[in-house]
Amino acid sequence: MAVIFLIGLLIGISVTWLLELLLYKHPLLCEQAYDNPITFFGYHVHHSTVGLGCVMFALERPNTVSLYNLLVVGIGVGVIMMHTVSEGRLVFAE
């Protein structure tokens with residue numbers, strides 16, 4: 001079970017790293033993401049919110065503990081961890 005969680009963690013970290021690298025290197029995407037971010041009801045929603053959503057989705061069904069849920073929790077935690085490292089702070093919306 002720990003291996004499944006670690007695989008999910010590595011997937012979440014890798015996907016987030018690749019997304020942030022793409023946003024940073026591509027001039028048009030960089031301009032849109034950093035200069036004019038997408039807002040939701042006036043709040044800039046960061047992609048660590050997707051990680052939080054993954055964790056909440058997997059933990060929504062506590063009676064069904066499965067390897068899939070553990071993988072999804074690992075992915076969500078990986079996204080949150082990598083975004084926190086890259087931003088230098090834990091942020092979901094501002």
Side-chain angles (χ1 to χ4, degrees):
M1 292 180 96
V3 173
I4 297 297
F5 177 77
L6 289 175
I7 290 171
L9 191 68
L10 290 175
I11 290 170
I13 289 171
S14 301
V15 168
T16 305
W17 179 76
L18 287 172
L19 174 70
E20 290 177 353
L21 183 67
L22 178 67
L23 287 175
Y24 181 71
K25 293 291 184 184
H26 193 278
L28 180 62
L29 293 176
C30 183
E31 179 182 330
Q32 284 184 336
Y34 296 113
D35 296 338
N36 189 19
I38 297 172
T39 58
F40 187 69
F41 292 114
Y43 292 98
H44 173 203
V45 180
H46 292 260
H47 59 272
S48 59
T49 307
V50 174
L52 183 64
C54 287
V55 171
M56 290 173 54
F57 172 76
L59 297 179
E60 178 187 16
R61 304 173 290 164
N63 295 335
T64 58
V65 177
S66 68
L67 296 179
Y68 172 74
N69 286 352
L70 201 55
L71 181 71
V72 172
V73 168
I75 291 171
V77 170
V79 169
I80 293 169
M81 284 175 53
M82 188 61 199
H83 186 258
T84 302
V85 167
S86 67
E87 285 280 325
R89 61 194 172 118
L90 180 64
V91 61
F92 295 102
E94 60 182 350

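Clustering ILVMFWY residues whenever any of their side-chain heavy atoms sit less than 4.5 angstrom apart, transitively, puts Tyr68 in a cluster other than the one holding Val3. A chain of hydrophobic side-chain contacts below 4.5 Å, direct or via other Ile, Leu, Val, Met, Phe, Trp or Tyr residues, connects Ile11 to Val55. No continuous path of ILVMFWY side-chain contacts below 4.5 Å connects Leu52 to Val85, so the two sit in separate hydrophobic clusters.
Taken from CG in Leu21 to OG in Ser86, the straight-line distance is 11.5 Å, to the nearest 0.5 Å. Between Phe5 atom CZ and Ile75 atom CD1 the span is 10.5 Å, to the nearest 0.5 Å. To the nearest 0.5 Å, atom CD1 of residue Ile7 and atom CG of residue Leu67 are 10.0 Å apart. The distance from atom CG of Leu9 to atom CE of Met81, rounded to the nearest 0.5 Å, is 5.0 Å. Once rounded to the nearest 0.5 Å, the distance linking CG of Leu71 with SG of Cys54 reads 9.5 Å. Remark: Leu19 CG to Met82 CE distance equals 10.5 Å, nearest 0.5 Å.
Grouped with Leu10 in a hydrophobic cluster is no other residue, since no side-chain heavy-atom contact under 4.5 Å to another Ile, Leu, Val, Met, Phe, Trp or Tyr is found.
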### Candidate pair Val15 and Val79, rule side chain to side chain contact (heavy atoms under 4.5 Å, CB included), full reasoning
CA-CA 8 Å; Val15 168; Val79 169; 5.9 Å; no
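Taking each heavy atom of Phe57 and Val72 in turn, the nearest pair found is CD2-CG1, 4.4 Å. Ile80 and Gly51 get closest at one heavy-atom pair: CD1-C, 3.8 Å.
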